[in-house]
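A short worksheet on the structure shown next.
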Amino acid sequence: MIRFDEVSKRYEGGSEALSRVSFELADGEMAFLTGHSGAGKSTLMKLIILMERASQGQVFVGGTNLNRVSGRQIPQVRRNIGVVFQNHQLLFDRSVYDNVALPLTIAGYSPREVGRRVRAALSKVGLSDKEKKFPQSLSGGEQQRVGIARAVVNKPPLLLADEPTGNLDPELSQEIMNLFSQFNQVGVSLMIATHDLDLVKRMGKRELMLRQGRLVSVEAR
Amino acid sequence: MSGRSQGATTSVTRRSDKLNAWAAHHRRVSIETLQQLIANPFSSAMTWLVIGIALGLPAILFVVLQNVADISGDWGGKPRMSLYLNPEVTVKAARNFSGEIERRADVATSVFISSDDALREFQNRSGFGEVLSTLDRNPLPHVIEVIPVSPDPMELSSLVTTWEEHELIERVSVDLNWLERLFALLVFAERLVTALASVLALGVMLVMGNTIRLAIENRRQEIEIVKLVGGTDAFVRRPFLYLGFWYGLGGAVVALLLLWLSLFLLSAPVEQLAQSYRDDFALHGPGFGGGLLILLTGAALGTLGAILAVSRHLSDIEPQ
């Protein structure tokens with residue numbers, strides 16, 4: 001699903017955020033990306049959703065070489081990747097329903113189809129009764145679940161999560177992780193960046209650890 | 001793998017569905033942006049007023065010019081000639097001569113004004129009635145007013161030569177010079193108003209550009225999110241273009257109101273003034289076509305300003 005081939009990323013000003021990173025995430029696999037802040041986790045994620053371009057090496061997502069994707073084609077690549085952010089990235093002037101519907105509206109689904117899928121996604125994350133609410137009236141955990149519903153509503157084959165449990169207590173974190181496991185069980189590939197090492201251990205999935213831009217361990221489960 | 005195969009099949013939506021969804025999104029965005037503007041009546045009204053004044057001022061000037069051009073057109077967009085007859089020509093002979101002139105191929109109309117009619121009109125209008133009634137004899141000659149078919153100066157001068165030599169005619173006068181001057185003045189005024197309108201149109205676009213730039217800045221986070229979940233540039237652009245459209249259209253409505261108000265305020269004094277010269281003149285507005293043109297211009301300028309702003313500022317916003 002994801003393949004990094006000797007990928008380096010150098011930012012202007014000289015600091016190297018990633019150096020010669022190579023790994024592969026198989027179709028339907030779930031893996032954790034760990035490391036201290038500044039180790040390059042976010043950069044790696046950004047390369048996958050084309051927020052950044054590799055300085056060297058090649059990134060493949062679902063068989064597409066991202067080096068060959070032009071600016072106009074970026075939206076199409078992003079539509080096949082669900083992304084969950086630490087700070088949720090919700091639209092606070094829109095209802096929960098509209099937030100979750102956004103990727104579908106963008107992709108041009110009919111309103112009826114949008115309704116069906118949004119309700120399915122909300123019920124999956126246990127927020128069926130909140131669709132008319134606005135994000136600020138929800139708790140942090142609920143906001144995160146809205147973000148997850150939005151990420152999966154389009155049924156993308158790949159789901160990325162950047163510190164999805166960063167602001168949540170252990171119990172809620174576990175809930176979120178269980179939700180991710182459920183998606184994984186129906187075939188979605190997942191890559192989750194986190195520094196919650198206990199959680200990673202408990203989940204028993206593969207761990208990719210970054211240190212100062214280098215991949216230091218690719219532990220099998 | 002079931003999730004994946006599902007993802008693959010459902011992402012291929014039918015073309016007609018896509019088109020419908022696209023149209024539905026346009027509808028929705030256009031209504032939503034209008035609702036946003038109405039939800040902030042004060043700031044929207046300020047923008048509408050600025051655009052309305054910028055569009056309304058040249059519109060008012062154009063309408064006034066149009067009216068002036070119409071009056072002068074009524075007075076003879078074509079030059080008019082007055083043939084002053086010899087004093088000894090009788091009314092009957094003069095009337096026959098007028099008919100003869102009217103039958104000429106190069107004459108459009110010919111109106112005979114007898115010396116008595118002329119005197120009566122002069123008494124009524126000039127306020128010299130008292131003085132004139134003390135005269136023992138009518139000093140005015142018979143006049144034949146002729147409007148030639150062609151305004152061409154060559155043909156006019158040949159007509160003048162023909163009539164100057166005619167035995168019944170004492171003098172020929174052509175009301176040409178003042179008309180030429182008036183038309184030259186009108187052309188000049190029209191150019192001036194056009195230049196003014198162009199500058200103000202540029203102003204409208206700049207105002208629009210700035211307003212849209214602020215709107216983009218206010219919705220920076222939303223733009224980033226939309227781009228992150230796969231929104232195309234067209235999708236991101238759409239609400240701002242509609243915003244420009246509604247600002248422009250709203251401004252044009254304000255311009256029409258201003259125009260209507262000015263005409264209403266002007267019409268009474270203008271008609272009073274006109275009545276001392278002519279009795280059938282009334283100010284007329286831009287008409288349906290003119291009104292439509294103002295609305296279209298407003299909407300087009302608003303949208304164009306938005307396009308400029310969006311093309312300059314939207315690409316700066318990429319998710320960080």
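Owing to the predicted nature of the structure, the values given are computational and were not obtained by experimental measurement. In the text below, chain A, chain B and the rest are named by the order of the sequence lines, each starting its count at 1.
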Proximity breakdown for Val236(B) and chain A, heavy-atom pairs closer than 4.5 Å
neither

Gap between atom CG of Leu91(A) and atom CD1 of Ile225(B) - 0.5 Å precision:
4.5 Å

Enter the distance from Thr105(A):OG1 to Trp22(B):CH2 here, rounded to the nearest 0.5 Å.
16.0 Å

Heavy-atom side-chain contact between Val229(B) and Arg78(A) under 4.5 Å:
no

Option in Arg72(A), Glu52(A), Arg94(A), Gln76(A) with maximal non-hydrogen atom pairs under 4.5 Å from chain B:
Arg94(A)

Residue Arg312(B) excluded, over 12 heavy atoms near CZ under 6.0 Å
no

So for atom CD, which belongs to Glu32(B), do other residues, nucleotides or ligands contribute more than 12 heavy atoms lying within a distance under 6.0 Å?
yes

Pick from Glu224(B), Arg28(B), Lys227(B), His25(B): which one has the most heavy-atom pairs with chain A under 4.5 Å?
Lys227(B)

Need one label for Phe183(A): side chain, backbone, both or neither, based on atoms under 4.5 Å from any heavy atom in chain B.
neither

Check whether Leu90(A) gets within reach of chain B through its side chain, its backbone, both or neither, counting any heavy atom under 4.5 Å.
backbone

For His26(B), is the NE2 atom crowded, meaning more than 12 foreign heavy atoms sit under 6.0 Å from it?
yes

For the student: nearest non-hydrogen atoms of Pro75(A) and Gly231(B), plus distance
CG-O, 3.8 Å

Spacing of Thr232(B) atom OG1 and Ile74(A) atom CD1 [to the nearest 0.5 Å]
12.0 Å

Check the pair Leu228(B), Val83(A) against side-chain contact (heavy atoms from CB on, under 4.5 Å), reporting the backbone distance first and the verdict last.
CA-CA 8 Å; Leu228(B) 270 180; Val83(A) 188; 6.0 Å; no

Tell me, yes or no, whether the heavy-atom count around Phe264(B) atom CZ, taken from other residues, nucleotides or ligands under 6.0 Å, exceeds 12.
no

